[in-house]
Number of protein chains: 2
Amino acid sequence: MALTREQVVDAAVGVLAGFGLADLSMRRLARELDVQVGALYWHVKNKQELLVDVAARLLGGIEHLPDAAATPREAVTSLATAIRAALAPVPDSAEVVQLAQTMQPAALEPLTWLRELLEEAGVAPQRSAWARHLLLNHILGSVAAQQDRSRLEAVGGTGGPDLGTDAFAWGVETILDGLGI
Amino acid sequence: MALTREQVVDAAVGVLAGFGLADLSMRRLARELDVQVGALYWHVKNKQELLVDVAARLLGGIEHLPDAAATPREAVTSLATAIRAALAPVPDSAEVVQLAQTMQPAALEPLTWLRELLEEAGVAPQRSAWARHLLLNHILGSVAAQQDRSRLEAVGGTGGPDLGTDAFAWGVETILDGLGI
DNA sequence: ACCTGAACACCGTTCAAGT
DNA sequence: ACCTGAACACCGTTCAAGT
């Protein structure tokens, strides 16, 4: 049975989740899939394009319209939290999303919803693109900072109660306060 | 005359400013300095340590206490703007600073001043570390976004009036508003 | 003290040739 | 259509040996 692009992305997500971006090489992927390196280039144009698919997969499980009952502001908070939760367990996920966002912004749907929700919550259309960036920088920065910390703890981790969550939630509230919504 | 660590850092900053992080390899540096690669490793422990020095150099020209006459809030804005101005012309500088910040936070003095100024402006000491991160993520995110845009324009650039500046200033004000200072 | 030469163990990408 | 084999042009790091 022939290799599929799906399988290549699966393997890439697996290596990223298990070992981080430094170990995610095309050659490692080929080994994992029992093919030669060149075979991968029939299914993906290059590594960057593959990473866009990886980012999309990481964010793929996020649902739109989480709570019809919530206030518009709570809807923003809820989506931001869902994005963070999806990225937090995967090492270097913030870097991968940032890259994908730069190369193909439209490929990461949940990140575009952020702008819509901000407008529904009262942010002016002229400001919503900037506001989305502000929020996204906070989300990705929080994820990266938390993962850097856990890298230092290494295996002898303290197993603490996820201190990053408080800082993250506070940051979201601070931004929304600043937006006056 | 023997090679110095200073010269290695100089060369690294030069390659980064001129060609970006992708071209900043130890081998390229050795070529530029007319030595063998191994020679570099007598002056720096590894590439990461060198990049910390590069980041420190990029931020090294920033002065503390810019305006004694300014309000505390203006002092924060002024420092944030100075940091952005120092990084904006150097490709991939945000990535390099983020790496350095992770590896040796104390090595980047101007970034530590940000916290002090925020406290002087009225941010509670328990919140000032989080607030600094929020602001820093905005600064670095703005720099990266602007450089990504100018990468797409490439050589045939429109030469527009630096649209990123407005978004940056607005973001700083929004964060400070959210902090209630 | 400072550097060379050479090696080790990797990379991403391409492409003729096979099936 | 899909993959192999092999090459091209690179990496970061180490280290005996030279001066």
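By convention in this document, chain letters (A, B, ...) are assigned in the order of the sequence lines, proteins followed by strands, and residues within each chain are numbered from 1.
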Inset, instruction - Provide the Watson-Crick or G-U wobble partner of dT4(D), both distances under 3.5 Å; none if there is no partner. - result: dA16(C)
Legend entry - Any-strand Watson-Crick or G-U partner of dA9(C), both distances under 3.5 Å: none
Inset, instruction - To the nearest Å, give me how far apart CG (L40(B)) and P (dC3(C)) are. - result: 9 Å
Legend entry - Euclidean distance for P, dA9(C) against dA9(D) (whole angstrom): 23 Å
Inset, instruction - Ignoring backbone atoms, establish whether H43(A) has a side-chain N or O less than 4.0 Å from OP1 or OP2 of dC3(D). - result: yes
Legend entry - Closest to the V35(A) side chain, choosing from dG12(D), dT4(D), dT13(C): dT4(D)
Inset, instruction - Name the closest nucleotide to the Q36(A) side chain, picking from dG5(C), dT13(D), dT4(D). - result: dT4(D)
Inset, instruction - Answer yes when E120(B) and R115(B) have at least one side-chain N-carboxylate O distance shorter than 4.0 Å, and no when they do not. - result: no
Inset, instruction - Between dG12(D), dG12(C), dC2(C), spot the one nearest the side chain of W42(B), thanks. - result: dC2(C)
Inset, instruction - For R31(A) and dC3(D), give me the distance from atom CZ to atom C1', rounded to whole Å. - result: 18 Å
Inset, instruction - Name the residue closer to the 5' end of DNA chain C, choosing between V37(B) and L3(B) according to the nucleotide with the nearest heavy atom. - result: L3(B)
Inset, instruction - Kindly give the heavy-atom pair with the smallest separation between V123(B) and A131(B), and that separation in Å. - result: CG1-CB, 4.2 Å
Inset, instruction - Quickly work out the R5(A) CZ to dC3(D) C1' distance and round it to whole Å. - result: 17 Å
Inset, instruction - Select one nucleotide: of dG12(C), dC2(D), dG12(D), the one nearest the side-chain heavy atoms of Y41(B). - result: dG12(D)
Inset, instruction - Flag the pair E49(A) / N46(A) as yes when at least one side-chain heavy-atom distance between them is below 4.5 Å, and no otherwise. - result: yes
Inset, instruction - Identify which nucleotide among dT13(D), dT4(C), dG12(D) has an atom closest to any side-chain atom of S25(B), counting heavy atoms from C-beta outward. - result: dG12(D)
Inset, instruction - Give the rounded distance in Å between these two atoms: CG of D23(A) and P of dA9(C). - result: 17 Å
Inset, instruction - May I have the distance from N46(B) (atom CG) to dC11(D) (atom P), rounded to whole angstrom? - result: 17 Å
Inset, instruction - Answer yes or no: is there an ion pair linking E173(A) with R73(A), defined by an N-O contact shorter than 4.0 Å? - result: yes
Inset, instruction - Could you state the atom-to-atom distance from CD of E49(B) to C1' of dG12(D) in whole Å? - result: 14 Å
Inset, instruction - Indicate yes or no for a side-chain donor-acceptor contact from K47(A) to the backbone of L24(A) under 3.5 Å, with no hydrogens or angles considered. - result: yes
Legend entry - Rounded interatomic separation in angstrom, taking CD from Q48(B) and P from dT13(D): 8 Å
Inset, instruction - Give one of base, sugar-phosphate or nothing for A39(A), where a contact means two heavy atoms less than 4.0 Å apart. - result: base
Legend entry - Position toward the 5' end of DNA chain D (nearest nucleotide), K47(B) or R27(A): R27(A)
Inset, instruction - In whole angstrom, give the distance that lies between atom CG of L29(B) and atom P of dT13(D). - result: 12 Å
